[in-house]
Amino acid sequence: MLDLQKIRENTEQVRQGILNKNVNIDFDIILELDQKRRDVILEVEDLKHERNLLSQEVAKRKKNKEDAEDLISQTRDIGQRIKILDDKQRLIENELDQLLLEIPNTPHMSAPVGADASENPVVKTWGKRYEPGFKLQTHLEIGEALELFDFPRGTKIAGPGFPLYTGQGARLERALINFMLDFHIDKHGYKEVLPPVMSNARAMTTTGQLPKFEDDMYKAPLDELYLIPTAEVPVTNIHQGEIIPEQDLPIRYCAYSSCFRREAGSYGKDTRGFLRLHQFNKVELVKFTHPDTSYMELEALRRDAEEILEALGLEYRVIELVTGDLSFSAAKCYDLELWAPGEERWLEVSSCSNFEDFQARRGSIRFKPQGGGKIQLLHTLNGSGVATPRLLVALLETCQQADGTVLLPEILGPYMGSAGIRLKLA
RNA sequence: GGAGACGUGGCCGAGUGGCUUAAGGCGGCGGCUUGCUAAGCCGUUGUACGUUUAGGCGUACCGAAGGUUCGAAUCCUUCCGUCUCCGCCA
């Protein structure tokens with residue numbers, strides 16, 4: 001949510017920022033409602049003040065056993081006017097809130113202005129192209145040959161997009177999750193949390209999934225719960241409604257969770273294999289920071305995700321999202337993409353974003369300055385560190401050998417246990 | 001799922017219709033005293049919104065939402081949460 005005062009005072013600047021995100025918002029309606037709201041408040045508070053004074057006078061008279069009927073009937077009349085104005089105020093504020101909740105965050109000034117993903121600049125590339133000289137297979141061919149997963153049976157159980165991992169494939173998936181968790185916890189100092197995979201509407205509103213993107217989520221209407229599309233939702237809401245002492249910042253969490261996405265409107269796109277799923281696994285990094293350090297923390301967050309890819313020896317590049325490609329809540333975002341040599345394309349495995357105070361305002365997440373001073377909204381950030389499906393694709397395709405086996409990086413050895421790092425048909 | 005108890009500020013805790021604009025304490029902050037520390041003494045202490053050139057002023061907030069009343073932390077209704085016991089269950 002944007003600061004109403006900022007909308008009021010810097011309307012043109014905000015309007016331009018939102019336009020750069022390819023969204024057109026009618027700010028005149030908002031400003032008009034804001035003015036109406038303040039007019040009503042002015043009127044109703046005046047009446048309430050009067051009522052309080054009269055009630056005190058009634059109390060005084062009753063104490064002295066004097067008659068107060070005239071004051072009581074006068075106040076009764078004021079009470080009715082207050083009730084009408086209270087209702088009016090509530091109505092205006094509901095309408096205003098509803099509008100504000102649907103306005104996306106404004107881009108940071110460092111985010112490159114651009115219309116869509118085709119304009120995203122590449123800011124970094126790392127690693128060496130895997131070109132072993134034999135004909136490379138796709139992850140689907142490798143997986144089928146080595147029986148690492150079973151899409152037809154996953155479809156039988158839940159439908160397309162719900163993968164069933166089998167044998168060494170299941171073990172590899174689990175190994176990757178544990179490897180990434182340990183890496184961030186032990187090497188990068190994140191605190192591990194294991195959150196619920198369902199969240200309520202309140203939590204979904206904090207992070208920005210609601211009210212606009214309800215159709216993208218799986219819902220359990222009987223219990224008024226949603227399956228989380230990312231651990232960002234439950235983890236960011238850990239501190240919803242809290243006031244955190246400044247000296248506790250930054251708070252850095254690392255969480256594994258299954259993620260659930262209906263992917264509404266994306267039918268027909270990347271339907272093969274692991275490229276786009278309804279359920280997948282992801283290790284997520286979430287930070288709560290002081291506003292002054294959030295952009296420094298964004299760079300550090302991105303590095304933490306990059307190091308996972310480097311530790312596995314996979315070729316990747318980093319792109320910076322132009323304003324038109326930024327998500328609803330983000331002010332600035334980097335995507336990490338892995339090269340999949342079998343698919344011969346780049347695959348997005350991580351998004352690292354700074355939301356500034358956008359989510360903090362929706363979820364009322366604040367900090368108390370150390371030397372006293374005014375309580376302020378903090379900044380929230382998150383990034384995948386990283387999502388497994390496309391990581392698995394790039395890993396299998398990059399580690400495939402001429403004999404049809406897959407030789408995993410040494411670093412996964414301890415996590416593969418007795419299966420070892422060479423995947424072959426059992 | 002059944003029964004009962006409870007929900008007050010950063011924390012503890014008083015408060016069953018009007019000198020409560022929430023007592024008292026702890027903690028925090030400032031000051032005095034002081035070789036240092038501790039103790040003691042004095043003062044101060046929330047959030048949101050509105051308004052104001054400023055100092056300030058006003059309104060709301062006692063789990064949430066409604067209601068009764070001239071007036072609600074206090075009475076009524078509904079909901080949510082926590083705890084205890086029972087049932088069920090990996």
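Both backbone and side-chain heavy atoms feed into the values below; hydrogens, waters and symmetry mates do not.
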Peer 1: Send over the distance from A/L47 CG to B/C70 P, rounded to a whole Å.
Peer 2: 17 Å
Peer 1: Quantified in whole Å, what is the C1' atom distance between nucleotide B/G17 and nucleotide B/A72?
Peer 2: 7 Å
Peer 1: Using atom C1' in both nucleotides, what's the gap between B/U68 and B/U77 to the nearest angstrom?
Peer 2: 11 Å
Peer 1: Taking atom C1' of B/U51 as reference, at what distance in whole Å does atom CD of A/E43 sit?
Peer 2: 15 Å
Peer 1: Between A/K48 and A/S73, just flag the one whose closest nucleotide in RNA chain B comes earlier from the 5' side.
Peer 2: A/K48
Peer 1: Nearest-Å distance, CD1 (A/I243) to P (B/G9)?
Peer 2: 12 Å
Peer 1: If only side-chain N and O atoms of A/H49 are considered, is one of them under 4.0 Å from the OP1 or OP2 phosphate oxygen of B/U59?
Peer 2: yes
Peer 1: Between A/N94 and A/Q98, is any side-chain donor less than 3.5 angstrom from a side-chain acceptor?
Peer 2: no
Peer 1: Sort out the partner of B/A72 for me: Watson-Crick or G-U wobble, both distances under 3.5 Å, none otherwise.
Peer 2: none
Peer 1: Would you call A/K36-A/E32 a salt bridge at under 4.0 Å N-O?
Peer 2: no
Peer 1: Using purine N1 to pyrimidine N3 plus N6-O4 or O6-N4 for Watson-Crick, or N1-O2 and O6-N3 for G-U wobble, each under 3.5 Å, what pairs with B/U20?
Peer 2: none
Peer 1: When the P atoms of B/C89 and B/U82 are compared, how many Å lie between them, rounded to an integer?
Peer 2: 23 Å
Peer 1: Once rounded to the nearest 0.5 Å, what's the spacing between atom CG of A/L381 and atom CD of A/E299?
Peer 2: 10.5 Å
Peer 1: What does B/U77 pair with, Watson-Crick or G-U, if both distances are under 3.5 Å?
Peer 2: B/A65
Peer 1: Taking CD from A/Q56 and C1' from B/U59, how many angstroms apart are they, rounded to a whole number?
Peer 2: 14 Å
Peer 1: Paired with B/C89: which nucleotide, if any, by Watson-Crick or G-U wobble criteria at under 3.5 Å for both distances?
Peer 2: none
Peer 1: With P as the reference atom in both, quote the distance from B/C11 to B/A64 in angstrom, rounded to an integer.
Peer 2: 14 Å
Peer 1: Once you round it to whole Å, what is the distance between P of B/G9 and NZ of A/K368?
Peer 2: 15 Å
Peer 1: Please state the P separation for the pair B/U84 and B/G46 - nearest whole angstrom.
Peer 2: 35 Å
Peer 1: So which one's nearest nucleotide on RNA chain B is more toward 5', A/Q5 or A/L71?
Peer 2: A/Q5
Peer 1: Would you mind classifying the nucleic acid contact of A/R37 as base, sugar-phosphate or nothing, using non-hydrogen atoms under 4.0 angstrom?
Peer 2: sugar-phosphate
Peer 1: Does A/E45 come within less than 4.0 Å of A/K48, counting only side-chain N to carboxylate O?
Peer 2: no
Peer 1: Describe the nucleic acid contact of A/I41 in one word from base, sugar-phosphate, nothing, applying a heavy-atom distance below 4.0 Å.
Peer 2: sugar-phosphate
Peer 1: Is A/N52 close enough to B/U59 that one of its side-chain N or O atoms is under 4.0 Å from OP1 or OP2 there?
Peer 2: yes
Peer 1: Of A/Q35, A/E93, A/K88, which is the lone residue that meets side chain to side chain contact (heavy atoms under 4.5 Å, CB included) with A/V40?
Peer 2: A/K88
Peer 1: Starting at atom CD of A/E45, determine the distance to atom C1' of B/C61, rounded to an integer number of angstrom.
Peer 2: 13 Å
Peer 1: B/U59 P sits how many Å from A/L85 CG, rounded?
Peer 2: 16 Å
Peer 1: Does the structure show a Watson-Crick or G-U wobble partner for B/G55, both distances under 3.5 Å? Name it, or say none.
Peer 2: none
Peer 1: Considering only the C1' atoms, how many Å lie between B/C62 and B/U52, rounded to the nearest integer?
Peer 2: 30 Å
Peer 1: Which part of the nucleic acid, if any, lies within reach of A/I375 when heavy atoms closer than 4.0 Å are counted: base, sugar-phosphate only, or nothing?
Peer 2: sugar-phosphate
Peer 1: Across the strands shown, which category fits A/L42 at heavy-atom distances under 4.0 angstrom: base, sugar-phosphate, nothing?
Peer 2: sugar-phosphate
Peer 1: Describe the nucleic acid contact of A/T75 in one word from base, sugar-phosphate, nothing, applying a heavy-atom distance below 4.0 Å.
Peer 2: sugar-phosphate
Peer 1: So A/R8, base contact, sugar-phosphate only, or nothing? Heavy-atom distance under 4.0 Å.
Peer 2: sugar-phosphate
Peer 1: Does A/R202 place a side-chain N or O at less than 4.0 Å from the phosphate oxygens OP1/OP2 of B/C80?
Peer 2: no
Peer 1: Flag the pair A/F367 / A/H290 as yes when their ring centroid distance falls below 6.0 Å, and as no otherwise.
Peer 2: yes
Peer 1: If I take atom CD from residue A/Q137 and atom CG from residue A/L396, how far apart are they, to the nearest 0.5 angstrom?
Peer 2: 11.0 Å
Peer 1: Ignoring backbone atoms, establish whether A/R366 has a side-chain N or O less than 4.0 Å from OP1 or OP2 of B/A48.
Peer 2: yes
Peer 1: Please report the distance separating the P of B/U8 from the corresponding atom of B/G40, rounded so that it comes out in whole Å.
Peer 2: 29 Å
Peer 1: To the nearest Å, how far apart are A/E246 CD and B/C29 P?
Peer 2: 14 Å
Peer 1: What integer number of Å spans the P atoms of B/G71 and B/C19?
Peer 2: 15 Å
Peer 1: Which base, if any, makes a Watson-Crick or G-U wobble pair with B/C11, both distances under 3.5 Å?
Peer 2: B/G25
Peer 1: Just to confirm, is there a sub-4.0 Å distance from OP1 or OP2 of B/C49 to any side-chain nitrogen or oxygen of A/R38?
Peer 2: no
Peer 1: Remember a base hit wins even if backbone is also touched, and classify A/K62 as base, sugar-phosphate or nothing at under 4.0 Å, heavy atoms.
Peer 2: base
Peer 1: Considering every strand shown, what is the Watson-Crick or G-U wobble mate of B/A5 when both distances are under 3.5 Å?
Peer 2: B/U82
Peer 1: Between A/F149 and A/H139, what is the ring plane arrangement, given parallel below 30°, perpendicular above 60°, and tilted in between?
Peer 2: tilted
Peer 1: Only pairs with both distances under 3.5 Å count, Watson-Crick or wobble alike; so what is the partner of B/U37 in this structure?
Peer 2: none
